[in-house]
Amino acid sequence: MKKILALLSFVLLFIACSEDKDDNILPGPTNANISFTFSHDWDGTTINSTNLQTEIVTNEHGEKMSMARIRYLISRLELVNENGDAYLFDGYKFTDLQDESTYNFTPVNNNIPTGNYSLKFIWGFNETDNIDGAYLDLNSASWNWPAMLGGGYHFLQFDGQYNVDTTAPSPFNFHNGTARVSDGVFEQNFAEINLSTPITITNNATIEVKMNFAEFFKNPNTWDLNVLDTPLMPNYDAQKMMQENVVSVFSIGNITQ
Amino acid sequence: MKFNFTYLLLFGFVFFSACEKDDEDNGYVNRPTPAPLEIPQIFSDNILDPVIPIDNPQTVEGIALGKKLFFDPLLSSNNTQSCAHCHLPQNAFSDIPRFSIGVDGVPGNRNSMPLFNLAWNYDENFFWDGRVFSLEHQALEPVINPVEMHNTWEVVIQRLQQHPEYPNMFTSAFGNGPITKEKATKAIAQFERTLISANSKFDRYLLGLTNLTPEEENGLNVFMDEERGDCFHCHGNPNNPLWTDNAFHNNGLDATFSDLGLGEVTGDPADNGKFRSPSLRNLAFTAPYMHDGRFFTLDDVINHYSEGLQDSPTIDPLMKKVNEGGVQLSDQDKADLKAFLLSLSDPSFINNPDFQNQ
């Protein structure tokens, strides 16, 4: 009997102390809380809610363009240390450039050991997460991707006008999400973003993630809006080019701690 | 900021029970009976909880008072016009004329707006141009608007105080103390929040209770197809059954603006000609359409998006092929789009006995 009790309490203790993969909550002086702040620019010109609708920018292909609306989604932010230990933060980040309160992301589960890390995350949702209609806040923001194109959610909505220096400006709708191969056949279209810049965490820290929108039109595919302006959602090749171009959009900025 | 209604409710309970003994302090003889909104499944399954201000919980007595006020011409200067004069239940709480006529016989410059699912306007920007924050503040405005009820709140309060029923109703809803315009508008807002429409044919289709016709189904595809209607970026989708984004856009009605809309409110020229997207629910009852009621039929509206777009510096980029006037829908697609739009109308809403003046 005593043996069983001892065993039982040992098991209980063990369960209670086993580390939750998601939590990583072991408070102590060697641990830190992490939050993220996203800043946005066009080749060095800061873009925020004040100048989004007024700034005229030039894309790599040479068209002058204006921006009306930029919203995007990223998910599964993860810090990976030198030993390969990964600390995954729950939740996803939906940003609306018009609303600066959405620029910051403070994960609910937090507190990681101090040390050296690099950051990775998913552009949009991966296949597991991209479930049609599953997220009430994103539905309320009308962020859905049409069922006829595979459903789930937009990753990016970037709307504006190009050739704004001419007498005939035209609209573009640079929207990214699941790619439709053919009727009823769809291909996932998220991107894994790996930022190799080392991040040294010595204390509670805010990590700045920078986003250069010009890269969407630059690298590796130089985007010609005269050919690809709208509609792009049902255009498989356009969707795949966006998936390639997003990889160079992000970089690590300041670490404040 | 989104907030969680369940926590609010929980907090409310704790708060209420903690205060149970202080009846006299709050001036209540009998505490009003909580009447939380019944959230339709089609909403709770898909979208965030409604916005209920923490200082104006829904109560049986508050809603009853708000309803009486809403239908009472006493609010207007010459006792002839109630809110319902321009917001009729049979028109989904909109009205028929292009411009509503105020008590002095003077028309305004905007089409009356239908009233439903107002608690799901998460940003709480009301009117076509979003100039008023919150329903409570909105209700202050029509009473004093010179082209609407053209009254003063002082006169309204006097009339309410001298009325045989109102003083007791205010006490039951808000406790002792004087009748104020804040209490009156809180009550009206409570009533307005009960105006929920979530039982259209399309709602029942989403719940698996009925089928769409082939025409309605194609119409939905036109609505969702970026190559055809592309309506869903502004007007909701099957996962957002509000059928509006409640955001501000210039949908290409005019090349120059006599009414600046949001631009008048923010002072920012980049906002000129922008108005709040209306919900596409209950279009069968809410003609004419647009902020100035310029279109009398849904065909006119669809033709506008298909080939009638007017370019201007603030036109929304989602208005495609504006140089050709629009996306040029085929006659079949137009007819089917209309059939789909009409499947979003909810006859049980306009016939709901709780919403009639009785």
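Lettering of chains follows the sequences in order, A, B, ..., and the numbering in each one begins at 1.
With no hydrogens or angles considered, a side-chain donor-acceptor pair links B:Asn240 and A:Ser142 at under 3.5 Å.
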>> Applying side chain to side chain donor-acceptor pair (under 3.5 Å) to A:Arg69 and B:His249, what does each step give before you reach the verdict?
In response: CA-CA 11 Å; A:Arg69 190 181 304 110; B:His249 307 273; 3.2 Å; yes
>> Run the side chain to side chain contact (heavy atoms under 4.5 Å, CB included) test on B:Leu318 and A:His175 for me, step by step, so that the C-alpha distance in whole Å, both residues' side-chain angles and the decisive distance to 0.1 Å come before the verdict.
In response: CA-CA 11 Å; B:Leu318 290 163; A:His175 296 200; 4.1 Å; yes
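A donor-acceptor contact shorter than 3.5 Å links the side chain of A:Asn139 to the backbone of B:Asn46.
Within a 6.0 Å sphere centred on NZ of A:Lys210, other residues, nucleotides and ligands contribute 12 heavy atoms or fewer. For CD of B:Glu38, the number of neighbouring non-hydrogen atoms (other residues, nucleotides, ligands) closer than 6.0 Å is 12 at most.
Looking at B:Asn246, neither its backbone nor its side chain comes within 4.5 Å of chain A, counting heavy atoms on both sides. Neither the backbone nor the side chain of B:Thr314 has a heavy atom closer than 4.5 Å to any heavy atom of chain A. The contact between A:Met233 and chain B is made by backbone and side chain atoms together, counting heavy-atom distances below 4.5 Å. No part of B:Asp268 comes within reach of chain A, as not one of its non-hydrogen atoms sits under 4.5 angstrom from that chain.
Side-chain contact between A:Ser170 and B:Asn323 is present, with heavy atoms from C-beta onward closer than 4.5 Å. In this structure, the side chains of A:Ser140 and B:Tyr122 come closer than 4.5 Å at one or more pairs of heavy atoms. Between B:Glu226 and A:Pro234 the shortest side-chain heavy-atom distance falls below 4.5 Å. With a 4.5 Å cut-off on side-chain heavy atoms, A:Gln157 and B:His233 count as touching.
Nearest heavy-atom pair, B:Pro317 versus A:Phe172, reported as atom, atom and distance to 0.1 Å: CB-O, 3.9 Å. Taking every heavy atom of both residues into account, B:Ile47 and A:Leu136 meet most closely at O-CD1, 3.6 Å.
Annotation: side chain to side chain donor-acceptor pair (under 3.5 Å) contacts of A:Asp96 (sequence neighbours excluded): none.
Of the listed residues (B:Asn221, B:Leu242, B:Asp245, B:Val322), the greatest number of heavy-atom pairs within a distance under 4.5 Å of chain A belongs to B:Asn221. Of the listed residues B:Ile315, B:Asp225, B:Asp230, B:Asp271, the one with more heavy-atom pairs under 4.5 angstrom with chain A than any other is B:Asp225. Ranked by heavy-atom pairs under 4.5 Å with chain A, the list B:Thr244, B:Asp311, B:Asp316 is led by B:Asp316. Here A:Gly160 is the residue among A:Ala168, A:Gly160, A:Ala134, A:Ala147 with the most heavy-atom pairs under 4.5 Å with chain B.
Note: A:Thr230 OG1 to B:Glu227 CD = 9.0 Å, rounded to the nearest 0.5 Å.
For residues 40-55 of chain A, a heavy-atom distance under 4.5 Å to chain B picks out A:Gln53, given by residue number.
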